[in-house]
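Side-chain atoms are counted along with the backbone in the values below, which use heavy atoms only and exclude waters and symmetry mates. Below, read A as the first sequence line, B as the second, and so on, with proteins coming before strands; counting in each chain starts at 1.
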Protein chains: 2
Amino acid sequence: MQLRMTNQREMILRELKKSKRHLSADELYDIVKKVMPRISLATVYRNLEILSEKGVIRKLEISGRQKRFDFDVSDHDHIYCAMCHKVDNLNIERKNVNSEQLGVEAGYSITGYRVEVIGICPECQKKEKIKEKK
Amino acid sequence: MQLRMTNQREMILRELKKSKRHLSADELYDIVKKVMPRISLATVYRNLEILSEKGVIRKLEISGRQKRFDFDVSDHDHIYCAMCHKVDNLNIERKNVNSEQLGVEAGYSITGYRVEVIGICPECQKKEKIKEKK
DNA sequence: CTCCGTGCAAACGATTTGCACTATG
DNA sequence: CATAGTGCAAATCGTTTGCACGGAG
């Protein structure tokens with residue numbers, strides 16, 4: 001099965017790349033819909049799924065109900081805002097973590113690992129301070 | 001709002017403790033239902049939510065569609081089987097990871113972090129080998 | 001002209017919620 | 001006896017799927 005480059009697919013890819021953020025399917029849908037009003041949410045889901053299977057983009061399995069997608073396929077970890085659920089990149093020196101060893105101890109064969117830092121992003125910190133003053 | 005110790009709550013807590021695994025709400029429901037056939041799945045969800053809010057148990061936000069719950073509240077990380085979605089414990093020396101520093105760089109205030117190793121558990125490795133032989 | 005991709009609506013799985021009833025403290 | 005907790009069913013949320021049609025190669 002080979003991929004075809006449809007307008008929808010191209011647009012989804014372009015908008016995901018343009019936005020430096022890590023978008024969820026419906027956020028991306030809202031963006032693309034402005035240019036392509038007839039596009040279906042199912043199309044967005046299908047494309048994100050296929051493109052991440054092919055390794056063109058990356059599906060992030062992180063905290064929160066929704067999956068998010070990343071145009072940057074290279075190995076890197078994420079920081080997650082507990083308040084607004086935004087996801088930013090993190091550059092941890094991965095050599096520090098010797099997870100392989102630990103996994104082998106438990107009898108597992110390791111395919112990968114991820115580090116997820118949870119915190120409150122600068123924007124939400126400001127909001128909190130404003131609230132506190134009230 | 002104070003907590004009351006109902007039969008349902010006690011049972012949920014006991015079964016979660018008894019099982020060394022990291023159960024999902026519906027797995028726990030199936031177990032408890034054997035002793036308490038009239039219990040509702042909603043009750044299980046509500047109790048797991050409340051108990052993890054109070055810090056009695058811990059809600060794991062990990063890979064996979066379902067949330068899982070852990071009787072062990074202490075800081076520790078998890079290894080996740082990509083095939084059967086089972087979750088085991090992992091004992092990483094947490095001092096190795098200097099996530100706080102990185103989070104601060106991005107302007108975040110850090111509340112925690114987690115390391116999640118993904119792999120294939122011993123049982124599923126065996127299953128794979130059997131498949132290959134066919 | 002083939003068959004991958006689309007839009008739509010319906011189906012789905014996990015979780016949450018409104019309501020009237022029950023039972024703990 | 002006040003009010004936290006329950007069971008049930010319906011609602012919700014994110015995501016997936018069946019189907020007939022449309023368009024890329």
Side-chain angles (χ1 to χ4, degrees), chain A residues 1-16 21-54 56-70 80 84-87, chain B residues 1-16 22-70 80 84-87:
Chain A
M1 188 188 70
Q2 53 172 3
L3 292 188
R4 291 177 181 175
M5 189 48 68
T6 61
N7 292 334
Q8 289 89 332
R9 184 162 295 163
E10 200 187 340
M11 189 59 65
I12 287 167
L13 228 27
R14 173 157 54 236
E15 292 301 331
L16 185 58
R21 304 189 31 231
H22 300 74
L23 299 173
S24 62
D26 69 299
E27 285 172 345
L28 195 46
Y29 172 61
D30 285 341
I31 294 172
V32 174
K33 206 168 44 176
K34 285 175 189 160
V35 194
M36 264 185 163
R38 300 217 45 183
I39 198 172
S40 149
L41 180 55
T43 299
V44 176
Y45 271 107
R46 269 187 287 234
N47 274 301
L48 290 173
E49 190 57 39
I50 290 172
L51 291 170
S52 65
E53 249 172 44
K54 298 289 176 183
V56 181
I57 62 175
R58 179 191 276 246
K59 193 199 293 187
L60 309 178
E61 307 235 10
I62 37 140
S63 292
R65 32 208 154 276
Q66 299 182 168
K67 282 172 189 146
R68 292 182 172 274
F69 295 84
D70 194 343
Y80 166 78
C84 68
H85 306 118
K86 185 175 73 168
V87 177
Chain B
M1 189 186 71
Q2 51 175 2
L3 291 187
R4 290 179 183 172
M5 189 47 68
T6 61
N7 291 333
Q8 289 88 332
R9 184 161 295 162
E10 200 186 341
M11 189 58 66
I12 287 167
L13 229 27
R14 171 155 57 236
E15 291 301 332
L16 185 58
H22 301 74
L23 300 172
S24 62
D26 70 299
E27 285 172 347
L28 195 46
Y29 172 62
D30 285 342
I31 293 172
V32 175
K33 204 166 48 175
K34 284 175 188 158
V35 194
M36 266 185 162
R38 300 218 45 181
I39 197 172
S40 148
L41 180 55
T43 298
V44 176
Y45 272 107
R46 270 187 286 233
N47 273 303
L48 290 173
E49 190 57 40
I50 290 171
L51 291 170
S52 64
E53 249 172 45
K54 298 287 178 185
V56 181
I57 62 175
R58 178 190 277 246
K59 193 199 292 187
L60 309 178
E61 306 233 13
I62 38 139
S63 291
R65 33 210 154 273
Q66 298 182 165
K67 283 171 189 147
R68 292 183 171 274
F69 296 84
D70 193 344
Y80 166 77
C84 68
H85 307 118
K86 185 174 72 166
V87 176

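A distance of 11.0 Å separates CD1 in A:I12 from CD1 in A:I31, rounded to the nearest 0.5 Å. Of the inter-residue distances, the one linking B:S24 atom OG with B:K67 atom NZ reads 12.0 Å to the nearest 0.5 angstrom. Atom OG1 of B:T43 and atom CE of B:M11 lie 13.5 Å apart (nearest 0.5 Å).
Protein atom CG of A:N47 is 15 Å distant from nucleotide atom P of D:dT15, rounded to whole Å. Taking atom CD of residue A:E53 and atom P of nucleotide C:dG5, one finds them 11 Å apart after rounding to whole Å. Here the C1' atom of nucleotide D:dG5 and the CG atom of B:L48 are 14 Å apart, to the nearest Å. At whole-Å resolution of the value, NZ in A:K59 and P in D:dG14 are 16 Å apart. One interatomic measurement links the two molecules: CD1 of A:I50 to P of D:dT16, which rounds to 11 Å at whole-angstrom precision. Protein atom CD of B:Q8 is 14 Å distant from nucleotide atom C1' of D:dC8, rounded to whole Å.
Screening residues 6-15 of chain B for side-chain hydrogen bond (donor to acceptor under 3.5 Å, both in side chains) gives B:R9-B:N47, B:E15-B:K18 as the qualifying pairs, with residues at least two apart or on separate chains. Here salt bridge (charged side-chain N to carboxylate O under 4.0 Å, His left out) pairs that include residues 22-35 of chain B, with residues two or more places apart or in two chains, are B:R21-B:E27, B:E27-B:R68, B:D30-B:K33. Under the salt bridge (charged side-chain N to carboxylate O under 4.0 Å, His left out) criterion, the residue pairs touching residues 35-51 of chain A are A:E49-A:K59, with sequence neighbours excluded.
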Are there any protein N/O atoms within less than 3.5 Å of an N/O atom in nucleotides 12-15 of chain C, and if so, which ones and at what distance?
residue	atom	partner	partner atom	Å
C:dA14	OP1	B:Q66	OE1	2.9
C:dT15	OP1	B:K67	N	2.9
C:dT15	OP2	B:Y45	OH	2.3
C:dT15	O5'	B:Y45	OH	3.2

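Closest of all the heavy-atom pairs between A:Y29 and A:L41 is CE1-N, 3.4 Å. Between A:Y80 and A:V87, the shortest heavy-atom contact is CD1-CG2, 4.1 Å. When every heavy atom of A:L16 is checked against every heavy atom of A:L28, the shortest pair comes out as N-CD1, 4.0 Å.
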Inset, instruction - Any chance you could list the contact pattern along nucleotides 19-25 of chain D? Use B for base contacts, S for sugar-phosphate-only contacts and - for none, protein heavy atoms under 4.0 Å, 5' to 3'. - result: ----BBS
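Every side chain to side chain donor-acceptor pair (under 3.5 Å) that A:K86 has, sequence neighbours left out, goes to A:E123. Residues forming a side chain to side chain donor-acceptor pair (under 3.5 Å) with A:R4 (at least two apart in sequence, or on another chain): none. Contacts of A:V56 classified as side chain to side chain contact (heavy atoms under 4.5 Å, CB included), with partners at least two apart in sequence or in another chain: A:L13, A:L51, A:K54.
For residues 28-40 of chain A, proximity to DNA chain D is found at no residue, defined as any non-hydrogen atom under 4.0 angstrom from a strand atom.
Comparing the start and finish of the helix from C:dC1-D:dG25 to C:dG25-D:dC1, five pairs each, the helix axis swings through 40°, to the nearest 10 degrees.
No side-chain heavy atom of B:F69 sits under 4.5 Å from any side-chain heavy atom of B:L23.
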